[in-house]
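So the structure is just underneath, and the comments pick up after that.
Hydrogens, waters and symmetry mates play no part in the numbers below; they use all other heavy atoms, side chains included.
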Amino acid sequence: MMTESARSAISDPFWRCAACGTPNPSRPYLTQCLGCGASVSASDIAAASGHEPARPRHRRGRSIAIATWVYALFLLTILALIYWVGEDWWGVTILLFVPRWLYLGPVIALALASGLRWRPSHWILQGTIGLVVAGPLMGLSFSTARLWGPRVEGTRVRILTYNLGPGPIDSHRLIQMIERERIDLICLQENVEINLAFKAYLDRGWYRDPSKRLASRYPIVANLESLNVQSSNDGWYSAQLDRVRVRTPQGVEFVVVTVHLPTIRPGLTGVLEGNLNRLPPQIQWWRIQLGRVVSSLSALGNVPVLVGGDFNMPSDDSSMATLRSVFRFGFEDAGLGYGYTRPSRVPWFRIDHLLASPHWTFTRCWVGIDCGSDHLPLIAEVVLPPAPAPRSAVPTPR
């Protein structure tokens with residue numbers, strides 16, 4: 001019968017001496033070759049037997065932790081660039097238009113690696129990173145006032161802004177949405193007259209301005225001056241701004257504005273093609289046009305104003321802060337989710353916005369259904385509280 005030591009010798013692997021070629025059994029106490037007596041280290045024995053020493057588990061976990069912290073610093077840098085540098089550097093503009101859900105990919109990969117290495121403690125930091133990406137980086141809006149805020153009393157209207165795009169739309173679907181959502185005011189951009197069925201619908205019962213970009217169920221009492229067209233030597237189009245004054249049946253008057261700012265898409269396309277020189281001048285042109293729009297809106301004075309339009313820029317762009325200092329943004333005030341409006345098939349950024357002067361209160365803001373354009377419509381419900389009654393003069397006691 002085979003003894004225990006013999007059985008162990010047969011089952012144990014052997015290593016071959018590099019100097020004389022003698023096979024030697026793998027024993028922790030055997031540090032010299034049985035054939036030539038040469039001293040051999042433990043790592044040489046492992047290499048000779050074809051078994052590398054196992055990497056310490058704590059080192060593998062440490063590398064994942066380091067990678068997680070590096071990625072966290074990377075995302076904080078991106079947020080700092082977006083909020084504090086803005087389009088002063090053209091690279092930030094590219095960051096604004098990148099699908100931001102892509103930043104979740106590395107977080108998921110790191111979390112899976114931590115799970116495989118049995119390092120659940122890493123999930124706290126990785127989960128925090130995921131919340132930062134899904135929250136402020138992706139533009140999540142969570143309106144608590146919409147969920148449990150007090151009901152605001154006053155003149156309640158619903159406004160829709162929609163870039164109709166370059167081609168035909170599903171007019172029947174769009175009309176159904178307008179009626180179902182009880183829309184009172186419509187701000188349109190691009191090709192407002194090519195959809196004949198939709199044009200015929202608006203011509204029946206809707207008041208329209210001369211540009212045909214504004215439609216109202218309320219009577220238009222004044223067509224205000226539009227923004228002058230400003231040409232560019234490079235053929236870039238000017239900002240468009242049209243505005244009217246409307247009056248509700250209760251006698252409340254306010255101004256409605258539709259805006260369309262130039263696109264920087266050719267510059268972004270140039271970056272993809274390797275031409276970095278096209279984007280900076282287009283950003284500068286967009287900023288000039290935004291300045292003209294802000295000046296035109298400021299000239300309206302202290303009157304209630306509603307603005308809808310395609311600004312061709314996400315709301316967290318630093319230049320959009322100029323508007324934020326004067327107007328409320330509908331989706332940030334009363335939206336739930338991300339409110340992405342473009343591209344319509346798989347939207348990943350919001351460049352269509354609804355704004356209101358401080359006189360108004362947004363109670364809801366949401367994205368409408370796809371009606372065939374490359375944009376999605378954006379809808380909001382706003383309330384204009386009644387103006388406070390003037391104080392009566394109190395007689396001075398004698």
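- Using a distance-only test at 3.5 Å, with no hydrogens or angles considered, no donor-acceptor pair links the side chain of Thr258 to the main chain of Cys187.
- At least one side-chain heavy atom of Arg180 sits less than 4.5 Å from a side-chain heavy atom of Ile369.
- Using a 4.5 Å heavy-atom cutoff, the side chains of Val383 and Thr155 are not in contact.
- Using a 4.0 Å cut-off between a side-chain N of Lys or Arg and a carboxylate O of Asp or Glu, Lys199 and Asp203 qualify as a salt bridge.
- Under the 4.5 Å side-chain heavy-atom criterion for Ile, Leu, Val, Met, Phe, Trp and Tyr, Val152 and Trp366 are members of distinct hydrophobic clusters.
- Residues passing the ring-ring contact (aromatic ring centres under 6.0 Å, His included) test with Phe327, sequence neighbours excluded: none.
- Residues that satisfy the ring-ring contact (aromatic ring centres under 6.0 Å, His included) test with Trp360, not counting sequence neighbours, are Phe254.
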Under 3.5 Å, side-chain donor or acceptor atoms of residues 106-114 against the rest of the protein: list the pairs with distances, not counting sequence neighbours.
{"unit_1": "Ser114", "atom_1": "OG", "unit_2": "Leu110", "atom_2": "O", "d": "3.1"}
{"unit_1": "Ser114", "atom_1": "OG", "unit_2": "His122", "atom_2": "ND1", "d": "3.0"}
{"unit_1": "Ser114", "atom_1": "OG", "unit_2": "Gln126", "atom_2": "NE2", "d": "3.0"}

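- Remark: side-chain polar atoms of Asn195 are not paired, donor with acceptor, to backbone N or O of Phe198 under 3.5 angstrom.
- Side-chain atoms of Arg328 never come within 3.5 Å of backbone atoms of Ala356 as a donor-acceptor pair (strictly under, hydrogens ignored).
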Legend entry - Glu193/Lys212 under salt bridge (Lys or Arg N to Asp or Glu O under 4.0 Å): CA gap, chis, key distance, verdict: CA-CA 8 Å; Glu193 294 291 288; Lys212 305 300 182 182; over 6 Å; no
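- Two residues are said to be in side-chain contact when any heavy atoms from C-beta on lie closer than 4.5 Å; Thr363 and Val382 fail this criterion.
- With hydrogens and angles disregarded, no donor-acceptor distance shorter than 3.5 Å links the side chain of Trp348 to the backbone of Met138.
- By the 30° and 60° cut-offs, the orientation of the rings of Trp236 relative to Trp285 is tilted.
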Legend entry - Verdict with reasoning, Met320 to Phe329, per side-chain contact (heavy atoms from CB on, under 4.5 Å): CA-CA 10 Å; Met320 294 289 282; Phe329 278 67; 3.9 Å; yes
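- Pairs engaging residues 28-40 under the salt bridge (Lys or Arg N to Asp or Glu O under 4.0 Å) rule: none recorded [sequence neighbours left out].
- Two different hydrophobic clusters hold Ile288 and Ile264 under the rule that ILVMFWY side chains link at heavy-atom gaps under 4.5 Å.
- The local environment of CZ in Arg158 is crowded, with over 12 non-hydrogen atoms from other residues, nucleotides or ligands closer than 6.0 Å.
- Residues Ser344 and Asp374 have side chains that never bring a donor and an acceptor to within less than 3.5 angstrom of each other.
- If you chain together hydrophobic residues whose side chains sit under 4.5 Å apart, Leu276 and Ile283 fall into the same group.
- Two residues are said to be in side-chain contact when any heavy atoms from C-beta on lie closer than 4.5 Å; Leu102 and Pro99 meet this criterion.
- Using a 4.5 Å heavy-atom cutoff, the side chains of Thr22 and Cys36 are not in contact.
- For residues 280-309, the salt bridge (Lys or Arg N to Asp or Glu O under 4.0 Å) pairs, not counting sequence neighbours, are Glu87-Arg287, Asp88-Arg287.
- Looking only at distances, no side-chain donor or acceptor of Glu253 sits under 3.5 Å from a matching main-chain atom of Arg247.
- Taking 4.0 Å as the cut-off between side-chain N and carboxylate O, Asp317 and Arg324 do not count as a salt-bridged pair.
- Counting only heavy atoms from C-beta outward, the side chains of Leu297 and Val307 approach each other to under 4.5 Å.
- By the 4.5 Å side-chain criterion applied to Ile, Leu, Val, Met, Phe, Trp and Tyr, Ile66 is assigned to a cluster that also includes Val70.
- Listed for the Asp209 side chain is a donor-acceptor partner under 3.5 Å among the backbone atoms of Arg213.
- Other cluster members for Val346: none, since no ILVMFWY side-chain heavy atom sits under 4.5 Å from it.
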Inset, instruction - Assess whether side chain to side chain donor-acceptor pair (under 3.5 Å) is satisfied between Arg243 and Ser296, documenting all intermediate values. - result: CA-CA 10 Å; Arg243 48 195 172 177; Ser296 181; 3.1 Å; yes
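- Side-chain contact of Asp310 with His353: a donor-acceptor pair under 3.5 Å is absent, judged by distance alone.
- Residue pairs meeting the salt bridge (Lys or Arg N to Asp or Glu O under 4.0 Å) criterion with at least one member in residues 343-359, sequence neighbours excluded: Glu332-Arg350.
- With sequence neighbours left out, Tyr71 forms a ring-ring contact (aromatic ring centres under 6.0 Å, His included) with Phe74.
- Legend: residues meeting side-chain contact (heavy atoms from CB on, under 4.5 Å) with Thr322, ordered by chain and number and at least two apart, are Val294.
- More than 12 heavy atoms of other residues, nucleotides or ligands lie within 6.0 Å of CG in Leu272, so this atom counts as buried by the packing criterion.
- Taking the ring-ring contact (aromatic ring centres under 6.0 Å, His included) definition, one finds that His260 meets it with Tyr237, sequence neighbours left out.
- Taking 4.5 Å as the limit, every side-chain heavy atom of His375 sits out of range of all side-chain heavy atoms of Gln189.
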Legend entry - Trace of the side-chain contact (heavy atoms from CB on, under 4.5 Å) decision for Val244 with Leu224: CA-CA 5 Å; Val244 297; Leu224 306 180; 5.8 Å; no
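- Residues Val221 and Val303 fall into different hydrophobic clusters, defined by Ile, Leu, Val, Met, Phe, Trp and Tyr side chains chained together at heavy-atom separations under 4.5 Å.
- Residues Arg217 and Glu179 are paired through a salt bridge, judged by an N-O separation under 4.0 Å between the basic side chain and the carboxylate.
- Taking the six-membered ring for Trp and the full ring otherwise, Tyr218 and Tyr207 have centroids separated by 6.0 Å or more.
- Using a 4.5 Å cut-off on side-chain heavy atoms (C-beta onward), Ser373 and Tyr162 make contact.
- Grouped with Leu116 in a hydrophobic cluster is no other residue, since no side-chain heavy-atom contact under 4.5 Å to another Ile, Leu, Val, Met, Phe, Trp or Tyr is found.
- When hydrophobic clusters are built by joining Ile, Leu, Val, Met, Phe, Trp and Tyr residues whose side-chain heavy atoms come closer than 4.5 Å, directly or via intermediates, Leu131 is not grouped with Trp101.
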Legend entry - Residues Ile159, Leu354; criterion side-chain contact (heavy atoms from CB on, under 4.5 Å); working and verdict: CA-CA 8 Å; Ile159 182 172; Leu354 287 167; 4.1 Å; yes
Inset, instruction - Show the numbers, then the answer: is there a side-chain contact (heavy atoms from CB on, under 4.5 Å) between Trp90 and Ile94? - result: CA-CA 7 Å; Trp90 58 266; Ile94 298 176; 3.4 Å; yes
